[in-house]
Q: 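Pasting a structure here, questions to come.
For ligands, and for the atoms within them, numbers begin at 1 and follow the listed sequence. Excluded from the calculations below are hydrogen atoms, water molecules and symmetry mates; all remaining heavy atoms, backbone and side chain alike, are included.
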Amino acid sequence: MFLSVFDVFKIGVGPSSSHTMGPMTAANRFLELILSDEWPRPAGAHVTALKASLHGSLAYTGIGHGTGNAVIIGLMGEAPDKVDPDRMDEIIAEVERTGRVTPPGHPGYNFKPKDDLVYDKKTPLPGHANAMRLTALDRDGRVLLTQVYFSIGGGFVVTETELLAMQKNKKAASTQKVPYPFASAKEMLTMAASSGLSIAQMKRANEEAVMDRATLDAGLDRIWDAMSGCIDRGLKQDGRLPGGLNVRRRARSIHDKLQEEWRSNRQNPLLANDWLSVYAMAVNEENAAGGRVVTSPTNGAAGVVPATVRYYLHFHPEADQEGVRDYLLTAAAIGGIIKHNASISGAEVGCQGEVGSASAMAAAGLAAVMGGSPEQIENAAEIALEHHLGMTCDPIAGLVQVPCIERNALGAVKAVTAASLAMKGDGEHFVPLDACIETMRQTGNDMNEKYKETSLGGLAVNVVEC
Ligand code: SF4
């Protein structure tokens, strides 16, 4: 099994990888399909109009997650990693005003969001909780082409056929040609022992089987620059987050207090925790505001890894750029194993799959740059994931704000604690990471649907919106 570090860490926009980035990408893919020869086009038929329907979790929490807007932006030909977040409102207003989408290279299609974009809560589509259907019609309203896409978490999008193939070929995927195709933590440890390489070195060798070293390093640096830029922007913003909950941004004021404390040399026994928390909150406030973020492994959990990397640079005197690269490679190795064997999607397994996975990835990355052995790294990831097991996804009003912003802060704190605990041991421990991942998968399967990104349970129904 090989999942590139650039599939785990993807630059995009908030607030959600599965509910914003995925649907935007699906709309891009549908536009490509329209222009392709991959469908039986009746002679003389021309696509003149488009329709979109959102199903399952995309329908339930789509408004809060900006899913409809993401579809509109995607149908305008904009991609998550390229679109300017500051221009998105303008693009949506233009489509609403004209009733047309005009992606580059296309003739332009009728698409009135009010009529042609449907949040269908009554018809879940079999296959996955995050489903959407895109349809192309001719001038007489005849359906020419229709395609279902599933947004399976972390910004990944598949068609029905691809989903079936993925489910069937899980085993086949593990034979992809890379030197260390570990599909489980056990295989990872065995390969590390026989090769004498660290997890980061094995992951690097896998990546370098498909790209050269300079491309890999430049890509890793770009990912960290985007993460770091997101922290810095979040620390400068003030005011209330969009969406109607009236949630106040807090990262800036907390950061001001911490800086004052830092300058005055005041003793604070929770110093590291406070810095970790403010970095994570800065990212997730940016995510909630629809800003530029990096999936790590999702948008909802995008604060954990950047916060712990910034903590490493801030508090570890030996920290350097090479360390950041190893950190990201190790974290991606763990994220890939979790995604392959369970899920990183809140709509599939609850928040244990999002913030829990992010915390495990961050703990592993930190243990790696602290000089941990592969066993200590695996132990760090396991501790972090184990103590998120059972965590539900219950965002209030479907917005990725409460509990998500603080949850990332706590995920980062747990990651650092897990790494520290693992580094105090010799790597031998009771619960293997693979068992923990399997437990997360089973717990997610058994979890009531209302706790899986539908906003029909938990905090979402017990806190009165004002
Ligand atoms: S509760 Fe967790 S899984 Fe759900 S939207 Fe928030 S961060 Fe994502």
Q: Provide, to 0.1 Å, the distance between atom 4 (Fe) of ligand 1 and the closest protein heavy atom, together with that atom's residue and name.
A: C393 SG, 2.3 Å
Q: Would D238 and R249 pass as an ion pair if we require N to O under 4.0 Å?
A: no
Q: Provide, to 0.1 Å, the distance between atom 6 (Fe) of ligand 1 and the closest protein heavy atom, together with that atom's residue and name.
A: C404 SG, 2.3 Å
Q: Could K186 and D434 be called an ion pair, given the rule that one side-chain N must be under 4.0 Å from one carboxylate O?
A: no
Q: Can a side-chain donor-acceptor contact be found between N341 and E438 if the only test is distance below 3.5 angstrom?
A: no
Q: Can you tell which of G353, P15, G300 gets a heavy atom nearest to atom 7 (S) of ligand 1?
A: G300
Q: Return the closest protein heavy atom for atom 8 (Fe) of ligand 1 as residue, atom name and distance.
A: E354 OE1, 2.9 Å
Q: Would you find more than 12 non-hydrogen atoms of other residues, nucleotides or ligands less than 6.0 Å from R248 atom CZ?
A: no
Q: Does T159 reach the side chain of V148, with side-chain heavy atoms less than 4.5 Å apart?
A: no
Q: Indicate, as side chain, backbone, both or neither, the part of R407 found under 4.0 angstrom from ligand 1 when only non-hydrogen atoms are considered.
A: side chain
Q: Quick check: does C351 have an N/O/S atom under 2.8 Å of atom 4 (Fe) of ligand 1?
A: no
